[in-house]
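Below is one structure, written out as structure tokens; comments come after it.
Just so it is clear, the structure is predicted and the values come from calculations on it, not from any experiment. A note on names: the letters A, B, ... follow the listed sequences, proteins ahead of strands, and every chain is numbered from 1.
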Amino acid sequence: MALDAGWAQEWLRTAARAVAENRMQLMELDRAIGDADHGENMDRGFAAVVAKLDAGPAAATPAEVLKTAAMTLMSTVGGASGPLYGTALLRAATSLGDAAEAQPDAVVAMLSAARDGIVARGKAESGDKTMIDAWTPAVEAAATAASAGAAAGAVLAAAANAAQAGAVATDPLVARKGRASYLGERSAGHRDPGAVSTALILAAAAEAAGEPG
Amino acid sequence: MALDAGWAQEWLRTAARAVAENRMQLMELDRAIGDADHGENMDRGFAAVVAKLDAGPAAATPAEVLKTAAMTLMSTVGGASGPLYGTALLRAATSLGDAAEAQPDAVVAMLSAARDGIVARGKAESGDKTMIDAWTPAVEAAATAASAGAAAGAVLAAAANAAQAGAVATDPLVARKGRASYLGERSAGHRDPGAVSTALILAAAAEAAGEPG
Amino acid sequence: MKKLINDPKAVVNESVEGFGLAHAELVTVHTDPLFVVRKDAPVQGKVGLVSGGGSGHEPLHAGYVGRGMLDAAVPGAVFTSPTPDQILPATTAVNGGAGVLHIVKNYTGDVLNFETAAELAAAEGVEVRSVLVNDDVAVEDSLYTAGRRGVGGTVFVERIAGAAAERGDDLEAVTAVAQRVIDNVRSMGAALAPSTVPHAGVPSFDLAEDEIEIGIGIHGEPGRHRIAMENADGITTRLLEPITGDLNLGSGDRVLLMVNGMGGSPASELYIVYRKAVALLKERGVTVERSLVGNYITALEMEGASLTVLKLDDEMITLWDSPVSTAALRWGV
Amino acid sequence: MKKLINDPKAVVNESVEGFGLAHAELVTVHTDPLFVVRKDAPVQGKVGLVSGGGSGHEPLHAGYVGRGMLDAAVPGAVFTSPTPDQILPATTAVNGGAGVLHIVKNYTGDVLNFETAAELAAAEGVEVRSVLVNDDVAVEDSLYTAGRRGVGGTVFVERIAGAAAERGDDLEAVTAVAQRVIDNVRSMGAALAPSTVPHAGVPSFDLAEDEIEIGIGIHGEPGRHRIAMENADGITTRLLEPITGDLNLGSGDRVLLMVNGMGGSPASELYIVYRKAVALLKERGVTVERSLVGNYITALEMEGASLTVLKLDDEMITLWDSPVSTAALRWGV
Ligand SMILES: Nc1ncnc2c1ncn2[C@@H]1O[C@H](COP(=O)(O)OP(=O)(O)O)[C@@H](O)[C@H]1O
Ligand SMILES: Nc1ncnc2c1ncn2[C@@H]1O[C@H](COP(=O)(O)OP(=O)(O)O)[C@@H](O)[C@H]1O
Ligand SMILES: [Mg+2]
Ligand SMILES: [Mg+2]
Ligand SMILES: [Mg+2]
Ligand SMILES: [Mg+2]
């Protein structure tokens with residue numbers, strides 16, 4: 001399937017469903033090492049994105065769709081994750097430019113730009129137990145897949161799988177950024193909620209591309 | 001045993017022990033239909049009475065002892081029961097006059113004066129589910145025993161037993177005075193805490209007279 | 001039971017001591033016996049106002065001692081009326097020669113203890129009047145019961161009578177305006193969760209996870225009926241209707257409305273209740289001229305809220321708006 | 001979960017609406033997007049002060065909007081930072097031509113959202129400065145963490161910077177005094193029982209019947225360590241010592257002391273804590289010049305308290321004492 005504006009729409013709608021379905025899980029994770037709102041924040045934001053897509057005119061490029069989503073997340077999610085995901089999608093949109101569809105290399109560049117945007121805003125490094133620990137392996141896996149000649153959908157699937165593994169790998173880490181860092185050593189033994197939501201969102205991207213991963 | 005000043009002292013000390021031992025029961029009863037403080041109020045008051053007796057000079061008459069106790073209860077118990085028991089003991093003291101010891105008829109008069117004092121202050125009638133429902137049968141039983149020729153200690157024992165029965169008989173009543181009256185019908189099915197403390201106090205009077213009833 | 005206390009028996013003394021330290025510019029705390037008086041008491045020529053009752057209802061009453069409100073507050077043990085030997089010295093301490101008004105909440109214990117103190121004060125030559133606050137519509141008012149309890153309306157009586165005393169009204173006039181407030185104020189409350197009296201150590205009543213208590217008293221006495229949990233608008237309607245009915249409120253009436261927190265409910269919830277109460281009153285053509293939203297008469301950490309409505313006249317508004325300077329109510333100064 | 005609410009998703013909107021109705025003489029509430037501004041905003045020539053953050057900390061921040069304190073408050077969802085599209089219009093609405101100061105509590109979410117709003121405001125030609133409140137000594141301050149949280153000190157920053165703005169200080173001076181307060185204020189809190197976020201429906205953390213959480217945050221984040229229940233004096237000591245240590249308080253120092261309730265603890269307990277805190281400070285030769293005791297920055301109905309200590313200088317005292325007229329803090333007017 002071509003990664004065009006239709007795919008981008010489908011991505012966000014699939015992500016919205018995934019976030020809604022996993023709302024309580026994300027709340028529980030955030031309850032353990034944060035303030036128990038990540039599921040609610042993400043659900044509120046993605047529901048608003050879907051409403052915006054439903055209301056708006058059909059977009060011509062995936063970048064347009066992602067930009068709309070970015071602005072909507074920025075203005076509805078709040079918390080730490082709102083500006084971070086907003087920036088990520090904004091940078092992703094910018095990276096895609098006005099291409100009608102994204103080729104494998106463009107997918108890698110898009111994911112990389114998103115990740116860099118999050119780092120630029122949040123200053124987290126790998127191993128800080130944040131969503132970056134899902135994004136960075138995702139970017140790396142996507143690059144590997146693309147250079148091995150995978151199709152765009154398969155590149156997304158590789159990213160999604162790596163993000164999921166990255167999220168699981170946050171379990172033993174001690175948080176050094178975000179609200180979980182206040183817990184110090186007590187943050188170890190819990191999975192980072194933002195890393196889990198990142199894995200959900202990237203899985204939605206692959207699924208929308210017909211590659212459930 | 002003669003109902004002299006020594007008896008009066010012993011009465012109050014025994015009552016203090018009984019109240020302390022039954023503190024939690026009185027709290028529980030008051031929790032059900034009041035505000036969960038009757039045990040604490042009575043315990044605080046009677047502990048203060050004992051402290052006062054310990055500190056004071058030996059009294060010559062039972063009236064003197066009861067008057068000291070009355071003033072102490074009045075100034076330490078608070079709540080509804082403080083003024084009521086204070087008044088009761090004050091009237092009892094007045095009724096005893098300066099007799100060195102109380103004869104059976106004087107015991108009846110003393111109990112009757114105490115009860116009347118409570119009614120004068122609290123305006124409760126029999127069946128209102130208050131301490132009066134322990135006092136009134138006690139006065140009646142004392143009168144019956146005295147006219148049958150019982151000794152002073154036995155008169156007190158009769159009063160104590162009747163008070164105890166009276167307390168039990170408050171169970172089905174609907175309260176019409178005091179805090180329990182706010183509950184209306186819901187006050188039925190619970191024993192009145194003040195009636196129970198009255199039974200304890202009168203049992204202490206009999207016990208101090210060597211007639212545990 | 002987890003509480004920020006030391007010894008359960010020392011709760012009231014330590015707390016009032018802390019209160020005195022925190023508000024030394026407003027009050028003086030006497031500790032043996034325990035009572036709190038206005039810093040500049042007795043104010044010569046001014047009627048003195050004394051109130052008191054069981055502790056655990058903070059800021060009532062000590063939080064209302066100061067200019068334009070009470071001259072003295074007498075805190076009893078937690079949820080237990082104070083004794084005459086506290087009330088008497090408080091009364092004489094604030095007598096500036098113009099007599100003293102006792103503002104008594106209608107509970108048997110408060111009534112009896114204030115009664116005794118008033119007799120003793122009279123014997124010492126102090127002219128004492130009393131008013132009995134009995135605004136709780138949850139309680140059936142009948143010759144054959146202890147009558148209605150005094151709850152939220154007490155705050156309004158203390159404030160408005162305090163303002164009248166401050167402007168120089170004599171004892172008869174201050175008593176009259178206090179009584180006018182009592183005649184025109186009604187309250188009702190609901191509890192979502194009980195409180196625990198420190199010396200009892202267990203909650204004052206039990207409520208299931210889906211139950212609330214309507215018509216709750218401020219001493220943790222169980223209310224008149226228990227219902228399944230409802231939303232804020234529903235509860236507000238249940239509390240307001242008996243009040244408006246009893247006061248016979250209708251189009252053109254002006255009111256002072258208090259949404260009072262019982263101690264353990266967040267302020268945000270009180271404003272949700274306030275929003276609905278204002279809407280309901282508006283539907284009846286009633287204008288909310290003044291209001292208070294917050295913890296003004298509590299029951300320790302009980303969760304829940306009460307509504308208090310006073311039907312206002314012009315003089316009451318003037319008195320309400322005049323300067324007041326206490327720990328818990330302050331404006332105009 | 002039993003709460004005086006209607007729809008969990010409508011809690012903030014309905015509550016702020018009720019707040020606006022109750023304090024119509026002080027504030028105007030804008031609902032789409034949601035923010036609260038001082039009635040007379042923008043005040044020409046005055047520096048505008050904007051703060052905000054997750055809801056559930058009432059009276060923070062809307063309760064501090066008014067003369068001598070904030071010009072605008074921006075409430076986010078419960079425990080969730082507000083978004084730039086709320087902060088931006090609040091910022092422009094209070095710009096009286098002298099620029100705007102953002103008072104931001106140091107949480108990643110607040111920082112990022114205010115940062116974006118400040119950029120957008122600058123793009124619209126509004127001069128914006130920011131200060132970051134980070135007074136919570138429970139959190140280790142390190143280059144490699146998110147740093148210390150902003151908690152009780154925020155109230156002091158808003159008040160003192162607000163007073164400076166009110167007397168006409170320019171943006172640089174207001175920013176400087178706000179920063180001076182931040183540099184001299186420290187806090188720490190303890191929770192006895194957790195709160196429940198309405199949309200989550202379960203308590204933010206679990207505590208056993210004999211445990212308390214020391215170093216709790218105001219978002220119900222678990223604190224730094226969990227200990228067996230202690231008495232009030234013990235807990236007060238545990239909270240105060242890291243503060244006095246960090247501020248290096250010693251003989252001759254003068255402080256502003258706040259004993260803040262987390263929302264669900266009765267006022268009487270806060271005064272018991274205050275009593276001990278004053279005694280401990282006195283032992284060190286530190287004088288409590290001014291104080292606040294009450295619910296000033298809460299975490300819904302959490303039970304517990306926090307201590308905040310500001311090392312004062314003469315100018316701060318003058319600013320603190322100047323008139324303030326907000327829903328939650330009022331004197332001198
Ligand atoms: N500085 C940061 N850089 C990257 N991600 C972060 C940072 N701070 C927090 N996060 C992510 O945000 C998630 C929490 O988001 P959320 O709960 O919505 O916001 P908040 O922490 O403000 O309540 C964390 O699980 C983490 O993955
Ligand atoms: N009007 C009254 N007349 C007689 N006894 C009363 C009256 N009101 C209350 N009581 C008694 O007082 C008892 C309650 O005392 P206590 O709990 O110490 O005071 P309070 O009700 O003020 O908390 C009741 O159980 C009842 O027996
Ligand atoms: Mg969170
Ligand atoms: Mg009782
Ligand atoms: Mg009582
Ligand atoms: Mg949050």
Report task. Between chain D and each of A:A36, A:S75, A:G86, count heavy-atom pairs under 4.5 Å; write down the option with the most. Result ->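 Counting heavy-atom pairs under 4.5 Å, the top option is A:S75.
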**Report entry** Atom pair CZ (A:R179) and OG1 (D:T108), whose distance is rounded to the nearest 0.5 Å
**Finding:** 7.5 Å
Heavy-atom distance under 4.5 Å to chain D: side chain of [X], backbone, both or neither?
{"X": "A:E28", "result": "side chain"}
{"X": "A:M27", "result": "side chain"}
{"X": "A:A32", "result": "backbone"}

Query raised in the report: Given a strict heavy-atom distance threshold of 4.5 Å, which part of D:F79 is in contact with chain A: side chain, backbone, both, or neither?
Result: both
Report task. Establish, yes or no, whether the cationic atom of D:R149 lies under 6.0 Å from the six-membered ring centre of A:Y182 and within 45° of the ring axis. Result ->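 Verdict for A:Y182: a cation-pi partner in D:R149.
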Indicate yes or no for a side-chain donor-acceptor contact from [X] to the backbone of [Y] under 3.5 Å, with no hydrogens or angles considered.
{"X": "A:R31", "Y": "D:P203", "value": "yes"}
{"X": "A:R121", "Y": "D:L112", "value": "yes"}
{"X": "A:D35", "Y": "D:T80", "value": "no"}

**Report entry** Worked check of salt bridge (charged side-chain N to carboxylate O under 4.0 Å, His left out) between A:R186 and D:E213
**Finding:** CA-CA 13 Å; A:R186 282 165 74 192; D:E213 187 82 45; 3.0 Å; yes
Query raised in the report: Do the side chains of D:H219 and A:D37 get nearer than 4.5 Å, heavy atoms only?
Result: no
